[in-house]
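Residue numbering restarts at 1 for every chain, and letters A, B, ... go by the order of the sequence lines. The structure presented is a predicted model; accordingly, all values stated were derived computationally and were not measured.
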Amino acid sequence: MKELPKTYDPKAVESKIYDMWLKGGYFKGRIDPEKEPFTIVIPPPNVTGQLHLGHAFDETLQDVLIRVKRMQGYSALWIPGTDHAGIATQIKVEEYLREQGISRHDLGREKFLEKVWEWKNQYGDRIVEQLKTLGSSCDWDRLRFTMDEGCSRAVREVFVSLYEKGLIYKGNRIINWCPDCRTALSDAEVEHEDHSGYFWHIKYFVKDSDEYVVVATTRPETMLGDSGVAVHPEDERYKHLIGKTVILPLMNREIPVIADEYVDKDLGTGCVKMTPCHDPNDFEIGLRHNLEQILVLDEDAKINENGGKYEGLDRYEARKQVVKDLEELGQLVKIEPNSHSVGTCYRCDTIVEPLTSPQWFVKMEPLAKEALEVVRDGRISFVPDRFVKIYTNWMENAHDWCISRQLWWGHQIPAWYCSDCGHITVSREDPDKCEKCASSGITRDEDVLDTWFSSALWPFSTLGWPDKTPDLDYFYPTSVLVTGYDIIFFWVARMIFSGLEHMKEVPFRTVLFHGLIRDDKGRKMSKSLGNGVDPIEVIDTYGADALRFNIITGNSPGNDMRYYDERCEAMRNFANKIWNASRFVMMNLTIDKNELPEKLELEDRWILSKFNNLAKEVNENFDKFELGIAANKIYDFIWDSYCDWYIELTKPRLNGEDEAAKISAQKVLLYVLTETLKLLHPFMPFITEEIWQALPHEGEALMIEKYPEFSEDISFPEDEASFEIIMNAVRAVRARRAEMNVPPSKKPHLTIVTEKRDLFEAGLIYLSKLAFAGKVTITDAAPENMEGLVGVVTNDAKLYMPLAELVDLQKERERIEKELKTAVQNLSRTKGKLSNQGFISKAPESVVAAERERAEKLQALIKNLEDSLKALN
RNA sequence: GGACGAUUAGCUCAGCUGGUAGAGCACCCGCUUGACGUGCGGGUGGUCACAGGUUCGAGUCCUGUAUCGUCCACCA
């Protein structure tokens, strides 16, 4: 048997194993009519991004799921890919160019896009390589990109077909404008922050009158675009003004007073200025009342030509100036401090301006209907299910989705404007003339689509849609979508209605949501704080398996988690533990076949039965997406049951003279180790594969072995329980010795008084080994001469050792009394329950029986403890 | 203004369908135990935020309160 190093070295293993997997083609998703498909599409990371811990979290969850399903016999497919990430990428490239003093406008659209593609090709592979270091078992031959030929075709098809169905339209409507990115944004791309500011109360005089109304605003500069004043139709204070006009100060424009139910009589003055071009509500009201639309901001958020003398001023300079001028006019009634929420751009954090602009929209209402149904009726389930509420709340209230962006990087909108007849030609193929008037004077829309428009199609565009492909047939709908709750609206919601609309079927059955990874102080990791942790460095230090296990065990679904190096270290230690346990097994191995022996010892049946239960529970946990719980159980089994107990238990046989016993111990050790490696493999793929390859095995790779499940053949519940009795005796003796500071080298004669003589006879050798006993005597009667003996008691036995000279009698008495006291307390509680009629009649039988058994055990323990106490006195 | 989450050992967190609380780290006492000191054995430490309720029984279910956090909202 080859010599293995004493510590596990991930670096020596990971890339070698990964290559082996790749060579074997085990990641490939194959259409197999005999098997059920299990499909995951990766949430595509930004093509120019770098792997961060959030990705590591996401990918690890997916890889665990896909590996389990693969081993469970599904035809597993995990499709990888990257996202062009419109604004984010364009900003990055523009920044890079700016360093060289170049703007994108200097280059022009075509040249600029060349630069972005160059950038993409340079950095596009980096993130893919980083995903591999985690052990991700993606089918790399199917690597996709949201702007590759196929995905682009899908985008084109979707745009055109939605346009044809009237679900995409172009309109001049209120959108969120980011003056820094110089593009429209969807509602989802705007974050709301509370800012402290002011309410400015302004007098608008009624025309030809001294009468005036007072309106309040947080954005006084927008008054330049006011085209009306609204009051409630039933408001007695203003009823007489309805239909009259007021004079807009500064602009001296005559604007109507209109009545609309929207106005709240009790809020403020009950009188609202109407700025249809710069406020969504005013826009709607304006439409109802035919108010003039006056846009006063340009794309840099400077006042435009409609703003009179304020033209050219930045929005905040204009605000100052407007306030100042109103004050001078005496029309500023008061300034009231207040805090209100302002929208900011999710990419650059600039305060966005609501303004009207001709943009493209997706009509949400018809799409939302079924998207709500499938989540409500369980055709798609969310884990954890509390996200259903968040989702439905959003979907019920979603406004039309603004999908056009004034960027260059992305899918250019397939719409052509005719300069002759004004018709818009939207087409699957690039047209050379207007479809209406046949004029060749057509020009293409300059804008591109929201990056999320293409990600919304990801579950089917990656499988070949719009073509009818066998892949699509077999692998769609996908099985599980794993993603962070932070993109539920951006992505999950849009995939759902897109899948339903274009595939007539949900895009996935289950969505597994996870939270964010924060730093050790609970702060979000960010570039500006510089508190980011690089997963590549973590892998370098602790190994990918340790990072994966840390992530999986440190978290419950949907919740955020903090990252601690210490936890990775602990998981690295766990990997090392497995390594050394395996090393032990290999060092003792003289067999070359993995099979169970015919004759099993008690401890063999114990470990096999424990393993069997573990396999059962782990499978159940997987079915419920309780990955962390499953991983913890495997951890405990390996460390406690297998290493700390079972390996120690086999040593007498392995080191003994009985060849048959030696072989049988080896067989069980090997069997349980091998099966446990399978259970653990999805969580720690590298080390488990490496060890498995070094053990006697059939088959090519652990990663394609069958996942263990419960088996009647190795189910020994009674033996398991019996052996726990021996273990309890061992623990009791160890505890006793530890209290007296007896070193392991001191091996006293152990006398065991028990009614279960046969059991203890069978476990005798382990008592001497694990409890550091010399000779062991088993009897059913207490020793006649107790002198010099110290005792320890369990439910099933009293154990004596001649160590009295080491005992502090006083402490000994105190210890027993303390133990006795808790035992008596417990007994009285148990008896209380048992004398409770309600409990006896209403609790399940098994619970009552367990309680009875507990009472019996406690009584036995108390008797034993009392005897010991008596013997001391 | 709504909705959601968190509150459990000194720290960070688990705890599935209700049946007398667990882990890792930290801490204390021992240990050259023939795989592993990245280890072994033993131990200290919790009125499960608070107040009610349902139940034979509540960390777990219900109601309310507090603190922290998150999301949503067309809050002149």
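Between A:Phe772 and the options A:Pro748, A:Ser745, A:Pro743, A:Pro744, a side chain to side chain contact (heavy atoms under 4.5 Å, CB included) holds for only A:Pro744.
Within the model, atoms CZ of A:Arg494 and CD1 of A:Ile487 stand 11.0 Å from one another, a figure rounded to the nearest 0.5 Å. Put simply, CZ on A:Phe584 and CG on A:Leu673 are 11.5 Å apart, with the number rounded to the nearest 0.5 Å.
Between A:Arg567 and the phosphate of B:C25, there is no side-chain N or O to OP1/OP2 separation shorter than 4.0 Å. Between A:Thr7 and B:U38, a side-chain N or O to OP1/OP2 separation shorter than 4.0 Å is absent. Contact check, A:Lys6 against B:C36: a side-chain N or O comes under 4.0 Å of OP1 or OP2. Taking 4.0 angstrom as the limit, A:Asn576 places none of its side-chain polar atoms (N or O) nearer than this to OP1 or OP2 of B:G39. For the OP1/OP2 pair of B:C40 and a distance below 4.0 Å, the side-chain nitrogens and oxygens of A:Trp639 include at least one atom meeting the criterion. Contact between the side-chain N/O atoms of A:Lys746 and the OP1/OP2 oxygens of B:C31 is not found at any separation under 4.0 Å. Phosphate proximity of B:C40 to A:Lys577: present, with a side-chain N or O under 4.0 Å from OP1 or OP2.
At a cut-off of 3.5 angstrom, the base of B:C75 holds at least one donor-acceptor pair with the side chain of A:Ser341. Judged by distance alone, with hydrogens and angles left aside, A:Arg562 brings no side-chain donor or acceptor close enough to the base of B:U12 to form a pair under 3.5 Å.
Note on A:Phe199: only backbone sugar-phosphate atoms sit closer than 4.0 angstrom, heavy atoms only; bases stay farther off. Residue A:Glu648 is classed as a base contact, given a heavy-atom separation below 4.0 Å to a base. Nucleic acid contact class of A:Asn655 (heavy atoms, under 4.0 Å, all strands): none. Among the atoms of the strands shown, base atoms are found under 4.0 Å from some heavy atom of A:Ala843.
Going from the C1' atom of B:U44 to that of B:G30 covers 15 Å, rounded to whole Å. Between B:A6 and B:C61, the distance separating the two P atoms is 10 Å to the nearest Å. For the P atom pair drawn from B:U8 and B:A14, the interatomic distance equals 11 Å after rounding to whole Å. A gap of 27 Å separates the C1' atoms of B:G18 and B:A3, to the nearest Å. Nucleotides B:G15 and B:G24 place their C1' atoms 15 Å apart, quoted to the nearest Å.
In this structure, A:Tyr198 places its OH atom 19 Å from C1' of B:C75, rounding to the nearest Å. For the pair A:Phe574 CZ and B:A23 P, the computed distance is 15 Å after rounding to whole Å. Here B:U70 presents its P atom at 20 Å from NZ of A:Lys389, a figure rounded to the nearest Å. Counting to the nearest Å, the P atom of B:C27 and the CD atom of A:Glu566 are 12 Å from each other. The interatomic distance linking A:Gln666 (CD) with B:A35 (P) rounds to 14 Å, in whole Å. At whole-Å resolution of the value, CD1 in A:Ile390 and P in B:C71 are 11 Å apart. What separates CE of A:Met561 from P of B:G5 is a distance of 20 Å, to the nearest Å. Whole-Å rounding puts the A:Arg572 CZ to B:U38 P distance at 8 Å.
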RNA chain B in dot-bracket form (Watson-Crick or G-U pairs under 3.5 Å, [ ] crossing, | inter-strand) is (((((((..((((.....[..)))).(((((.......))))).....(((((..]....))))))))))))....
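Counting all heavy atoms, side chain and backbone alike, A:Ala493 lies closest to A:Met395 at O-CE, 3.7 Å.
Of the charged side-chain nitrogens involved, none lies within less than 4.0 Å of a carboxylate oxygen, so that A:Asp519 and A:Lys524 do not count as a salt-bridged pair. Classification of A:Arg376 and A:Glu396 as a salt-bridged pair holds, one side-chain N sitting under 4.0 Å from a carboxylate O. Under a 4.0 Å N-O distance rule, the pair A:Glu620/A:Lys624 does not qualify as a salt bridge. Ion pairing of A:Asp235 with A:Lys265 is absent here, as no side-chain N (NZ or NE/NH1/NH2) approaches a carboxylate O to less than 4.0 Å.
Qualifying side chain to side chain contact (heavy atoms under 4.5 Å, CB included) partners for A:Glu193, counting only residues two or more places apart in sequence or in other chains: A:His195, A:Thr344, A:Asp349.
Map A:Tyr262 and A:Asp644 each onto its nearest nucleotide of RNA chain B; the residue landing nearer the 5' end is A:Asp644.
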